[in-house]
Amino acid sequence: QVQLVESGGGLVQPGGSLRLSCAASKSIGEFNVMGWYHQAPGMQRELVARIDDTIGGERTTYADFVEGRFTISRDTIKNTVYLQMNSLKPEDTAVYYCSLQLTIYNSPHWGQGTQVTVSS
């Protein structure tokens with residue numbers, strides 16, 4: 001079992017930046033899949049960015065709507081996964097969740113989420 005705590009959300013103007021953090025209670029090296037998802041009111045939770053080591057080599061996936069603006073990264077010393085968000089748009093407004101999985105075939109562990117609001 002692992003506990004995940006997201007932080008870094010808040011209110012930002014369009015075009016601004018935020019960096020989200022996901023702190024894990026144990027080594028993230030034990031997990032082959034880690035990602036960020038978001039969920040807006042009335043919408044399903046959807047993938048934003050993901051790192052997958054399941055196939056033996058790191059593969060990073062981004063949703064089309066964040067390609068070129070967001071970057072997922074990890075710090076295995078701090079056991080933290082990050083999401084750098086640049087050029088934010090109002091459409092990015094949502095609760096952002098961190099997810100860790102042993103493999104893509106295992107059930108995910110979720111954090112509690114952090115609210116991101118992009119508004120002028």
Before you tell me yes or no, could you show the steps for Tyr62 and Thr71 under side-chain contact (heavy atoms from CB on, under 4.5 Å), namely the whole-Å CA-CA distance, both residues' side-chain angles and the distance that decides it to 0.1 Å? CA-CA 8 Å; Tyr62 293 97; Thr71 304; 3.7 Å; yes

Check the pair Val33 / Ile51 against side-chain contact (heavy atoms from CB on, under 4.5 Å), numbers first and verdict last. CA-CA 6 Å; Val33 184; Ile51 298 172; over 6 Å; no

Yes or no on side-chain contact (heavy atoms from CB on, under 4.5 Å) for Gln112 and Val5, after CA distance, side-chain angles and deciding distance? CA-CA 7 Å; Gln112 85 289 344; Val5 180; 4.2 Å; yes

Determine, stepwise, if the pair Arg74 / Phe31 fulfils side-chain contact (heavy atoms from CB on, under 4.5 Å). CA-CA 12 Å; Arg74 56 184 164 181; Phe31 299 88; over 6 Å; no

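Heavy atoms of other residues, nucleotides or ligands lying less than 6.0 angstrom from CD of Glu58 number more than 12.
No donor-acceptor pair under 3.5 Å is formed between the side chain of Gln84 and the backbone N or O of Ile72. A side-chain donor-acceptor contact under 3.5 Å links Asn32 to the backbone of Leu102. Asn79 places a side-chain N or O within donor-acceptor distance of the main-chain N or O of Ile28, the cut-off being under 3.5 Å. Checked by atom type and distance alone, the side chain of Gln39 never pairs as donor or acceptor with a backbone atom of Val95 at under 3.5 Å. For the pair Thr114 (side chain) and Gly9 (backbone), a donor-acceptor distance under 3.5 Å is present. Put simply, the side chain of Gln101 never gets that close to the backbone of Tyr105: no donor and acceptor are under 3.5 Å apart.
Here Glu46 pairs with nothing under the salt bridge (charged side-chain N to carboxylate O under 4.0 Å, His left out) rule; sequence neighbours left out.
Screening Thr117, Val66, Val118 for a side-chain contact (heavy atoms from CB on, under 4.5 Å) involving Leu88 leaves a single residue, Val118.
Residues His109 and Gln1 have side chains that bring a donor and an acceptor to within less than 3.5 angstrom of each other. Checking Asn86 against Ser17 by side-chain atom types alone, a donor-acceptor pair falls below 3.5 Å.
The heavy-atom pair separating Phe70 from Val48 by the smallest distance is CD2-CG1, 3.6 Å. The two residues Ala24 and Val2 come nearest to each other via the heavy atoms CB-CG2, 4.1 Å. Nearest heavy atom pair, residue Pro14 against residue Ser120, reads CD-N, 3.7 Å.
Taking the centre and axis of the six-membered ring of Tyr82, the NZ or CZ atom of Arg19 falls inside the cone set by 45° and 6.0 Å.
Identified under the salt bridge (Lys or Arg N to Asp or Glu O under 4.0 Å) test for residues 25-40, with sequence neighbours left out: Lys26-Glu30. Annotation: salt bridge (Lys or Arg N to Asp or Glu O under 4.0 Å) contacts involving residues 87-110, sequence neighbours excluded, comprise Arg69-Asp92.
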